Amino acid sequence: MTLPYAKSDSYKIFDSIAGRYDLINTVLSLGLHRIWRREMRRKLPVHSEQIVLDLATGTADVAIELVKDVRIDKVVGVDMSEGMIGIGRVKLRKMGLNNRIQLQVGDAQKLSYTANQFDAATMSFGIRNVPDVNACLSEIYRVLKPGGRGLILEFALPSSKVMRALHLFYLRKILPLVGRVLSGHGTAYTYLNQTIEEFPYGENFVALMRKAGFQNATHRSLTFGIVNLYWGDKA
Ligand SMILES: C[S@@+](CC[C@H](N)C(=O)[O-])C[C@H]1O[C@@H](n2cnc3c(N)ncnc32)[C@H](O)[C@@H]1O
């Protein structure tokens with residue numbers, strides 16, 4: 001089944017729901033998104049004074065989580081949606097984090113940064129939305145310093161048959177309904193299940209990371225396998 005919108009336009013959907021995104025995220029994930037982000041932060045490289053790139057940064061929640069870590073000096077967040085970035089900027093101002101987090105509009109498939117700049121790059125629930133996953137992974141690899149780490153959070157499907165059936169019921173029946181009511185948007189959450197079910201996960205995604213050049217690429221399942229954390233290092 002094809003999506004009713006091109007993935008290259010997905011940021012426009014986020015533009016239209018930006019003001020409600022954080023609330024919807026919390027409700028639909030039952031607050032678990034905070035735990036998933038924390039797990040990603042724990043897998044950052046160990047050294048101090050890191051500069052981290054957060055792709056598909058949205059309303060900057062990952063960037064805000066990252067700067068809680070004393071190892072992180074600065075985070076640069078990039079997203080295609082001006083609406084999401086706008087909400088993020090308001091949050092940073094209120095939290096006094098403008099000096100540590102910088103948000104920019106940009107495409108994760110064509111980054112404007114020169115090579116070998118960042119100690120780590122993160123992408124949370126964003127890579128499923130970009131049309132060219134391989135280009136995005138190659139860009140992440142390019143802008144990392146040698147020895148830098150790429151970390152990606154993305155939805156997956158549980159391997160246990162029972163959990164998988166329960167999760168698919170949630171994704172196909174409950175999530176679109178709740179998403180539609182909360183967002184006021186007809187399709188924003190209707191096709192989320194489809195993008196999750198069609199996206200490569202587990203070892204299939206790890207293989208894409210290896211193809212982009214990542215060494216020691218691996219993953220860990222979180223919350224019964226409904227989300228995977230992937231990471232890999234630049235040689
Ligand atoms: C599900 S949100 C994730 C936001 C945030 N990372 C989080 O975990 O809450 C997906 C984000 O990807 C952004 N996005 C979609 N395509 C993109 C692209 N090609 N480059 C950068 N961001 C993109 C959207 O605008 C949206 O803000």
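All residue numbers refer to positions in the sequence shown, counting from 1. Just so it is clear, the model here is predicted, and its values are computed rather than measured. Atoms within each ligand, like the ligands themselves, are counted from 1 in listed order.
Annotation for K74: atom NZ does not count as buried by contact number, only 12 or fewer foreign heavy atoms lying within 6.0 Å. Crowding of K211 atom NZ: a count of heavy atoms from other residues, nucleotides or ligands under 6.0 Å not exceeding 12.
The immediate protein surroundings of ligand 1, defined as residues with any heavy atom under 4.0 Å of it, consist of S10, Y11, F14, Y21, N25, A56, T57, G58, D79, M80, S81, M84, G106, D107, A108, Q109, S124, F125, N129, V130.
Residues T57 and D79 bring no donor and acceptor atom of their side chains to less than 3.5 Å of each other.
For Y201, there are no ring pair (Phe, Tyr, Trp, His ring centres under 6.0 Å) partners, not counting sequence neighbours.
Using a 30° and 60° split on the angle between ring planes, F199 and F205 fall in the tilted class, from 30° to 60°.
Here the side chain of D119 pairs a donor or acceptor atom with the backbone of I51 at under 3.5 angstrom.
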